[in-house]
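The next block holds one structure in the form of structure tokens; read it before the comments.
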Amino acid sequence: MTNTQDKKLWGGRFAQATDGLVELFNASVGFDQRLAEQDIRGSLAHVAMLGQVGILSAEEVAQIGEGLNAVLADIRAGNFEWRLDREDVHMNVEAALRDRIGPVAGKLHTARSRNDQVAVDFRLFTKEAALDLADKTRALRVVMLAEAEKYLSDEVILPGYTHLQVAQPILLSHWFMAYVAMLERDEGRFRDAAERMDESPLGSSALAGTPWPIDRHATAAALGFARPTANSLDGVGSRDFALEFLSACAILSAHLSRLSEELILYSTFEFGFITLPDSHTTGSSIMPQKKNPDVSELARGKAGRVFGNLMGLLTVVKGTPLAYNKDLQEDKEGVFDSYDTLSIVLRLYAEMMPRTVWHADVTGAAAARGYSTATDVADFLARQGVPFREAHEVVGGLVGLASRSGRQLWDLSDEELRAAHPLLNAGVAQALTVTESVRGRASFGGTAPDRVREAIRNARQGLERP
Ligand code: ARG
């Protein structure tokens, strides 16, 4: 394996071929061939512009353009030999162009460097990935919203937790709407990132710009960017667009991991709140009774690599002097990986959630246990003028009494209630039911059915906006 011949064409000062192991270490073609479409789009825009400003003749532009399209057709058809000795996607494409059309291929690289070439290719990819994940996040949001609607009319109740201790009863729909809210922000983060990275670095050249009379606005527009980047060092040396994408991925992953954790718990025998669909669970090779929540466990586990991809690139970037350094070649695999991982997790959840069965009898009964309406009893007293802190104390005593004798609050006798506080009369019975508890929490953003209905309506309207 030698690249002496390519070196004669590209690296005038080298007499000898690169060491084999260095070549292997240096090469990125194994993964950056994924940027082939973006690379050729970038080259087509560049060469068209070189023609427009008179740097290349119309004939040269036509020859190079046809050649690039033929190379692209070969790549798409799988008729392309990716060569390690040609290092990366950019040199593979350019060398294939030269093999096809001869020395005129060498004019493509006029007024351009691989530094701005890779920067523009990778921005094109990352922008498309961000918009695609925004769409997929929205699709899951639509699914979760439909689930919220599905359980609203029956007022299906779920225990609400803090510290994973039963806290207060909530509507299952309210729980779904919490994820709708998170997913809305996740989608927004992808769209914001896509907007901020919507600048073309092409024409920054190696680092300082170029003496050629290029038109950066024309190439930016041809590639669908809002504008060219304003500073050439920044254009080739910055990767915060990728960091922002990876950070939006990491936050979304954290949300999906929390959802996963809840579903894993809720699907256990001990909770018994949900039955996950057969299509999205697996069996055990030895224990016939098992139904494992693999999709959720993997979604939770894969958050680790998605976080790692962000941390990895932050660490790569932090020590590099301006502008381009080869370290930056390490920017791509994490972006590809986070993109692929989340594409599949989002799709799986969009399929799995509507097929998951919620056992309303179990969730409702669980919501009534654990003295979940104790706060409502305290509020009942406070409404009659007892300072809330004092009411809290009184009800705390009642919970202690009930739990010592293995009873619920509604099992306590009138005498016991009155002994705790004279204002605790028969009217308190109503405050003790989970349905009333939920209906009472009608503050803005609360779990009362009317509030949740309102939240669902607002979320629906939000979806009508682009
Ligand atoms: N494969 C390289 C990368 O991904 C392309 C840019 C190379 N530029 C250079 N000056 N060596 O970063």
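Just so you know, ligand 1 is whichever comes first in the structure, and atom 1 is the first atom listed for that ligand. Worth saying up front: this structure is predicted, and the values here are computed from it rather than measured.
Distance check, rounded to the nearest 0.5 Å: CZ of Arg451 to CZ of Phe444 gives 6.5 Å. With rounding to the nearest 0.5 angstrom, the NZ atom of Lys302 is 10.0 Å from the CG atom of Asp340. A distance of 4.0 Å separates SG of Cys249 from CZ of Phe190, quoted to the nearest 0.5 Å. If you take CD1 on Ile251 and CG on Leu256, they are separated by 12.0 Å, rounding to the nearest 0.5 Å.
Proximity to Ser28 (heavy-atom distance under 4.0 Å) selects the following atoms of ligand 1: 1 (N).
Below 30°, between 30° and 60°, or above 60°: for Phe125 and Phe122 the angle between ring planes is below 30°, a parallel geometry.
With Lys332, Arg114, His90 as candidates, the residue nearest to atom 11 (N) of ligand 1 on a non-hydrogen basis is Arg114.
Aromatic ring centroids of Phe176 and Trp358 lie under 6.0 Å apart.
Where the criterion is an N or O separation shorter than 3.5 Å, residue side chain and backbone included, Tyr324 meets it with respect to ligand 1. On a distance-only criterion, Asn115 and ligand 1 share at least one N/O pair closer than 3.5 Å. At a 3.5 angstrom cut-off on N or O pairs, Asp88 counts as close to ligand 1.
At the shortest separation from atom 2 (C) of ligand 1 among protein heavy atoms lies Gln329 OE1, 3.2 Å.
Contacts with ligand 1 closer than 4.0 Å are made by no heavy atom of Gln117, backbone or side chain.
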